[in-house]
Amino acid sequence: MKQKDILALIGTAEQTNVQFKERITRNNKYNVSCEMVALSNSHGGKIVVGVKDSEGQANPLSYNEVQETSNLLGDLASEGVVPSILIDIENVSIEGGVIVVATIKEGMNKPYRDNKGVIWVKQGADKRKVFDNTELSEMMSECGNFDPDMASVREATIDD
C-alpha cells in the first residue's frame, strides 16, 4: 500500500471491511479484538490505525507508536481472539508519520470469539453479536466444522 492508497481509503470512510482507529490503547484494545473477531467471522478486512474515524482525517503515528501498535495488534490476534488468528501488518509512510494497516483474513475455523466468549460478525461498518443457533450452524458449515447431514437426530430410529 502507498500513501495515495491510504488517502483514498480514508476518503471512502469506514465500511464492512475497513475499520479506522486513531490509536490502540488499553482503553480500546478489547474493542479492537472484537473487530478482529467480527472480520474473521465475516469476509475479512483491514484495521487502519492512525486515522480519526469520526473525522476521516489521518493522524499518523510516530516511530515508537508504530512499534507499540504492531506489538499490541499481534498480542490481540493471539490473546484477544479465540482461536488465535494470524494477521498481516503493513506500515505505510505518509506525510507526518506512519499509518499501520492490519489485514485480517476470513477465518477458516469459525466461529471465532473474543476472550470473553462473545461471537461477533460485521454488520455494515459496525459489528454485532451473534446469538442465533441457526446463524452459528451456517457459519460452522461454511468452513467445514459442521456437517448437518452427519448430525444425529433425536429419537430417530432405524426405520426412519
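Remember, it's a predicted structure, so these values are computed and weren't measured experimentally.
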If hydrophobic clusters are built by linking Ile, Leu, Val, Met, Phe, Trp and Tyr wherever their side-chain heavy atoms come under 4.5 Å apart, do [X] and [Y] end up in the same one?
X	Y	answer
Val32	Tyr112	yes
Ile6	Val100	no
Ile24	Met36	yes
Ile94	Val51	yes
Val37	Met139	no

Side-chain heavy-atom pair [X], [Y] within 4.5 angstrom cut-off:
X	Y	value
Val18	Thr12	no
Lys46	Ile104	no
Ile85	Ser40	yes
Leu76	Val81	no
Val101	Ile89	no

Calculate, to the nearest 0.5 Å, the distance between atoms [atom1] and [atom2] belonging to [X] and [Y] respectively.
X	Y	atom1	atom2	value
Leu72	Arg26	CG	CZ	8.0 Å
Cys34	Lys129	SG	NZ	8.5 Å
Ile10	Asp53	CD1	CG	11.0 Å
Ile47	Glu14	CD1	CD	10.0 Å
Gln67	Asn91	CD	CG	9.5 Å
Leu7	Met1	CG	CE	11.0 Å

Testing the basics here: between [X] and [Y], what is the closest heavy-atom pair and its distance to 0.1 Å?
X	Y	value
Pro60	Ile99	CA-CD1, 4.1 Å
Ile87	Ala77	CG2-CB, 4.0 Å
Ser93	Val98	OG-CG2, 4.3 Å
Gly80	Ser33	O-CB, 3.7 Å
Ser78	Ser84	O-OG, 2.7 Å

side-chain contact (heavy atoms from CB on, under 4.5 Å) for Lys21 and Thr69? Distances and angles first, verdict last.
CA-CA 11 Å; Lys21 299 294 175 196; Thr69 297; over 6 Å; no
Closer than 3.5 angstrom, by distance alone: can the side chain of Asp5 be matched with the main-chain N or O of Lys2 as a donor-acceptor pair?
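Yes, the answer is positive, given that a donor and an acceptor are paired below the 3.5 Å cut-off.
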Is there a donor-acceptor pair under 3.5 Å between the side chain of Ser137 and the backbone N or O of Thr134?
yes
Judged by modelled atom types alone, do Lys127 and Asn41 share a side-chain donor-acceptor pair under 3.5 Å?
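No donor-acceptor contact under 3.5 Å links the two side chains.
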Pairs in or reaching into residues 61-70: which pass salt bridge (Lys or Arg N to Asp or Glu O under 4.0 Å), with residues at least two apart or in two chains?
Arg23-Glu65
I need the full list of salt bridge (Lys or Arg N to Asp or Glu O under 4.0 Å) pairs touching residues 80-98, with sequence neighbours left out, sorted by first then second residue.
none
Who passes side-chain contact (heavy atoms from CB on, under 4.5 Å) against Lys122, sequence neighbours left out?
Thr16, Gln19, Glu35, Ala38, Leu39, Ser42
Residues two or more places apart in sequence or in another chain: which of them pass side-chain contact (heavy atoms from CB on, under 4.5 Å) with Glu22?
Lys52, Asn59
Can you give each donor-acceptor pair under 3.5 Å made by side-chain atoms of residues 114-121, sequence neighbours left out, with the distance rounded to 0.1 Å?
unit_1 : atom_1 : unit_2 : atom_2 : d
Asp114 : OD1    : Lys116 : N      : 2.7
Asp114 : OD1    : Gly117 : N      : 3.0
Asp114 : OD1    : Val118 : N      : 3.0
Asp114 : OD2    : Tyr30  : OH     : 2.4
Asp114 : OD2    : Trp120 : NE1    : 2.9

List for me each residue that meets side chain to side chain donor-acceptor pair (under 3.5 Å) alongside Gln123, sequence neighbours excluded, and say none if there are none.
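So Gln123 forms a side chain to side chain donor-acceptor pair (under 3.5 Å) with Arg128.
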